[in-house]
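Counting starts at 1 for both ligands and their atoms, following the listed order.
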Amino acid sequence: MQHEQKSFYHDSGSRDRGNDIGIIGLGTMGGSLALNIAEKGFLVSIWDQNPDKAMSVYASAGAMRKSLHPVQTLSNFILSLRSPRTVLLMVPAGEPVDAVLRLLQPHLDVGDIVIDAGNSNFHDTNCRAETLDAIGLRYMGVGVSGGEAGARRGPAIMAGGDLDAWEHVKPIFEAIAARYGALPCAAHVGNDGAGHLVKAVHNGIEYADMQLIAEASGLLTRGLKLGYRASGAVFEDWNNGPLQSYLIEITSKIFKETDPETGKPLLDVILDCAEQKGTGRWTAIEALNLGVPAGVISAAVDFRFLSARPAERKDGQFVFSGSGAQLCAEDLSIADIEAALIAGKIISYTQGFQLIQEAADDNGWDIDLASVARIWRNGCIIRSAMLDEMASALAGAPGKSLMRSAYFAQQLSQTIPNLRKVARAGIQAGQPIPALMAALAYFDTARTSRCTANVIQAQRDYFGAHGFMRTDQPGTGFRGPWAHEKTRVLATA
Ligand SMILES: NC(=O)C1=CN([C@@H]2O[C@H](COP(=O)(O)OP(=O)(O)OC[C@H]3O[C@@H](n4cnc5c(N)ncnc54)[C@H](OP(=O)(O)O)[C@@H]3O)[C@@H](O)[C@H]2O)C=CC1
Ligand SMILES: O=C(CO)[C@H](O)[C@H](O)COP(=O)(O)O
C-alpha cells in the first residue's frame, strides 16, 4: 500500500506545476467536479482528508489522468497551483468548511481565490467573505446543482462573491456547466453569499416541486386508484407537456421500478420518512426572517418533518382512524391534477423568486431574477421547460411578481379552477395535499384587495394597545373604543 501510494501521488513534481485549480473534498460532488474540470482540459490538483478518495477519483479518470494530480500533503497541494491560486472546497456545510479554511489559510497569499461550492448557509458565506477579505483573500460562495451526474456532465452554477475572482474562474465554470442551447447555465448572481442564497432558494423550490409531485402521485394512486405503472405512464405523459421537467421525468421512472430483492414495486419497500440536509428549511427560515410569504415551500418542509415522525402518524391513524374516503373518478380527472400541479408550480416559483428579490434587497445585492431563471433552465434538479418561460416573463416585467406577468397570470386563470377542484376533492377524501392547499390559499389571499386582517388588527389593539391604521384617515396608532373602557377599568381598580 505504501509503495502504491508513493507512485500514485504527484507531490514530488508539484512545485511550480502551474495547475489551474485545486479541489478539496472528493466525495460524491467533488470527485465528479474534478473529473468534469479535467475533462475540459484544465489542470486539477486534488486532495482529500481520506487518501482513498483521491485514489478512487484518479483510478476512475481514464484519459483524464494527465490533467488530474492527486497530492498527498496540503502544502504540496497549494504549491502545485499557479498564482493566484484557486482552491475549490466541496465538503459538507458548516464546521467542515471552517475546518478546511483554517487548514488552508496559512498556505495562501493575498489575492488567492477560495471557492466554497457546497451548500453553505449564505449567512455563513457572508461572514467568511468578510473575514477572508480582511486578510486579502478572495472568497466565493458558489451554488452547484445537478447531483452527482450533473457535477460530472454539466451542473447549473450560481456564483456569488468577489467579481474579479469570478472573472478569473469564469472560463472553468462556463466550460463545465450545463448548456441551454449554446449558453452555459452559469453566472455570477451577486456579491458575498448571493450564490448560496440563490442555491438555497433553488433547493426550497426543489422541496416544493417534489412535494407537489408527491401529492399528485397520492391523488393518482390513492385517489383515482391507478396502479404504479399506470401512474408512471401518467407522469411520462405529463413530461411531454407544460410540466416537462427532470423531476417529473425521474418520477415516471421511479413509479415503474421494481425492488430487485423482493420483486415488489420499489415504492412499496421505501420507508415514507423524508430526510433533509437543511437547505429547504433555511429557505423557509429566511422567508420568515424577511416576512416574505412562502407557504408552498414551508408546507413542503413541514410535510418532511411530519413524515419523519412515523410513530406519531401511526398513533394518529389509530386514534382518529385513517381516512377511508376515496376520490371518485367523476369528481376528478387526470387533467385536473395536471392543471393543479401547473398552478401550484407557478405559485411556488412566484414565492421563491420574491424571496430572492427581497433577500437581495436586504443584503444590497443586485440579483437579476431573469438571469437566475436562465441558469436553472438546465443542469440543476429543478430544470424544466417552464423555467424558459419564467426567464422570459421575469425579463419582460422586471420587478413584477412572476404570477402577475401576462403569461403566467393567463396560465393561472386557466388552471386555478382545477386546483380548486383538486383541493376540494382532497379535503373531502381526507387526502393530505398541504402544498397544493397552500398554493391555493396564497392565490386567494393575494387577489383579495380587502382581507380579514382588520379583525387581527382590532384584536391586537384590544389586548395589547398596538393601535391600527384606518381606511378613512391617514396615519397610524388609532385606538378602538376599548381603549377608554380599559382606562375606566384601571381607574376603578
Ligand atoms: N450530493 C449532492 O447531490 C449535492 C451536494 N451538494 C453539496 O456539496 C457538498 C458536498 O456534498 P457531497 O459531495 O454529496 O458530500 P460527500 O459526503 O460525498 O463528500 C464530502 C467530502 O468532504 C470531506 N470532508 C468531510 N468533512 C471534512 C472536514 N472536516 N475536512 C475536510 N474534508 C471533509 C469528506 O471526507 P470523508 O469521507 O473523510 O468524510 C468527503 O470526501 C455539501 O455541501 C452538499 O450539500 C450540492 C449539490 C448536490
Ligand atoms: O443540493 C442538492 C441538489 O441541488 C441536493 O441534492 C439537495 O440538497 C438534497 O437536499 P435534501 O437532502 O435536503 O433533500
K.L.:
Would you call Arg304-Glu275 a salt bridge at under 4.0 Å N-O?
P.N.:
no

K.L.:
Do the side-chain N and O atoms of Lys199 and Asn119 include a donor-acceptor pair separated by under 3.5 angstrom?
P.N.:
yes

K.L.:
What protein heavy atom sits nearest atom 40 (C) of ligand 1, and how far away is it?
P.N.:
Lys53 NZ, 3.4 Å

K.L.:
Considering heavy atoms of the protein only, find what lies nearest to atom 31 (C) of ligand 1 and give residue, atom and distance to 0.1 Å.
P.N.:
Gln49 OE1, 3.2 Å

K.L.:
If you count the atoms of ligand 1 from 1 in the order shown, which ones are under 4.0 Å from a heavy atom of Val144?
P.N.:
46 (C), 47 (C)

K.L.:
Look at atom 1 (N) of ligand 1 and say which protein heavy atom is nearest, naming residue and atom and giving the distance to 0.1 Å.
P.N.:
Met29 CG, 3.8 Å

K.L.:
How close do Leu226 and Ser231 get, counting heavy atoms only, and between which atoms?
P.N.:
CB-OG, 3.6 Å

K.L.:
Could you list which atoms of ligand 1 come closer than 4.0 Å to a heavy atom of Ala93?
P.N.:
43 (O)

K.L.:
Considering only NZ, NE, NH1 and NH2 on the basic side and carboxylate oxygens on the acidic side, decide whether Glu148 and Arg153 come within less than 4.0 Å.
P.N.:
no

K.L.:
Would His196 and Ser120 count as having a side-chain donor-acceptor pair, cut-off 3.5 Å?
P.N.:
no

K.L.:
Using a 4.0 Å cut-off on heavy atoms, what residues surround ligand 2? Order them by chain and number.
P.N.:
Asn119, Ser145, Lys199, His202, Asn203, Glu206, Tyr207, Gln276, Lys277, Gly278, Thr279, Arg304, Ile381

K.L.:
Using the ring of Tyr58 (Phe, Tyr or Trp, six-membered ring only), decide whether Arg65 places NZ or CZ under 6.0 Å from its centre and within 45 degrees of its axis.
P.N.:
yes

K.L.:
For atom 23 (C) of ligand 1, what is the nearest protein heavy atom, given as residue, atom name and distance?
P.N.:
Val91 CG1, 4.0 Å

K.L.:
Using distance alone, with no hydrogens and no angle criterion, decide if Asp361 and Gln357 have a side-chain donor and acceptor under 3.5 Å apart.
P.N.:
yes

K.L.:
Hey, looking at atom 20 (C) of ligand 1, which of Ala99, Pro92, Gly25, Gly143 has the closest heavy atom?
P.N.:
Pro92

K.L.:
Taking atom 17 (O) of ligand 1 as the reference point, report whether a protein heavy atom occurs under 4.0 Å from it.
P.N.:
no

K.L.:
Does Arg383 count as lying over the ring of Tyr246, i.e. NZ or CZ under 6.0 Å from the six-ring centre, within 45 degrees of the axis?
P.N.:
yes

K.L.:
Atom 46 (C) of ligand 1: which protein heavy atom is closest, and how many Å away?
P.N.:
Asn119 ND2, 3.4 Å

K.L.:
Number the atoms of ligand 1 from 1 as they appear, then name those within less than 4.0 Å of a heavy atom of Val100, with their elements.
P.N.:
30 (N), 31 (C)

K.L.:
So, the side chain of Ser371 versus the backbone of Ile367: is there a donor-acceptor pair under 3.5 Å, distance only?
P.N.:
no

K.L.:
Going by an N to O cut-off under 4.0 Å, is there a salt bridge joining Lys256 and Glu236?
P.N.:
yes

K.L.:
Please confirm whether the ring centroid of Phe353 lies under 6.0 Å from the ring centroid of Trp376.
P.N.:
yes

K.L.:
Is any NZ, NE, NH1 or NH2 atom of the basic residue among Asp112 and Arg138 found under 4.0 Å from an Asp or Glu carboxylate oxygen of the other?
P.N.:
no

K.L.:
Is it the case that atom CD in Glu167 sees more than 12 heavy atoms from other parts of the structure closer than 6.0 Å?
P.N.:
yes

K.L.:
Which of the atoms of ligand 1 are close to Gly147, meaning less than 4.0 Å from one of its heavy atoms?
P.N.:
3 (O)

K.L.:
Which of the numbered atoms in ligand 1 are below 4.0 angstrom from a heavy atom of Asn50?
P.N.:
38 (O)

K.L.:
Taking only residues two or more places apart in sequence, or in another chain, which ones meet Phe305 in a side-chain contact (heavy atoms from CB on, under 4.5 Å)?
P.N.:
Gln276, Arg281, Val301, Asp302

K.L.:
Which residue holds the protein heavy atom closest to atom 26 (N) of ligand 1, what is that atom called, and what is the gap in Å?
P.N.:
Pro96 CB, 3.7 Å

K.L.:
Show me which atoms of ligand 1 lie under 4.0 Å from any heavy atom of Lys199.
P.N.:
46 (C), 47 (C)

K.L.:
Strictly by modelled atom types, are Tyr228 and Asp268 linked by a side-chain donor-acceptor pair under 3.5 Å?
P.N.:
yes

K.L.:
Please could you name the atoms of ligand 1 that Asp48 approaches to less than 4.0 Å, counting only its heavy atoms?
P.N.:
35 (O), 40 (C), 41 (O)

K.L.:
Looking only at protein heavy atoms, identify the closest one to atom 19 (O) of ligand 1 and say how far it is in Å.
P.N.:
Gly27 CA, 3.3 Å

K.L.:
For atom 10 (C) of ligand 1, what is the nearest protein heavy atom, given as residue, atom name and distance?
P.N.:
Met90 O, 3.8 Å

K.L.:
Given that the side chain starts at C-beta and the backbone is N, CA, C, O, which of these parts of Thr279 lies under 4.0 Å from ligand 1, counting heavy atoms, or is it both or neither?
P.N.:
neither

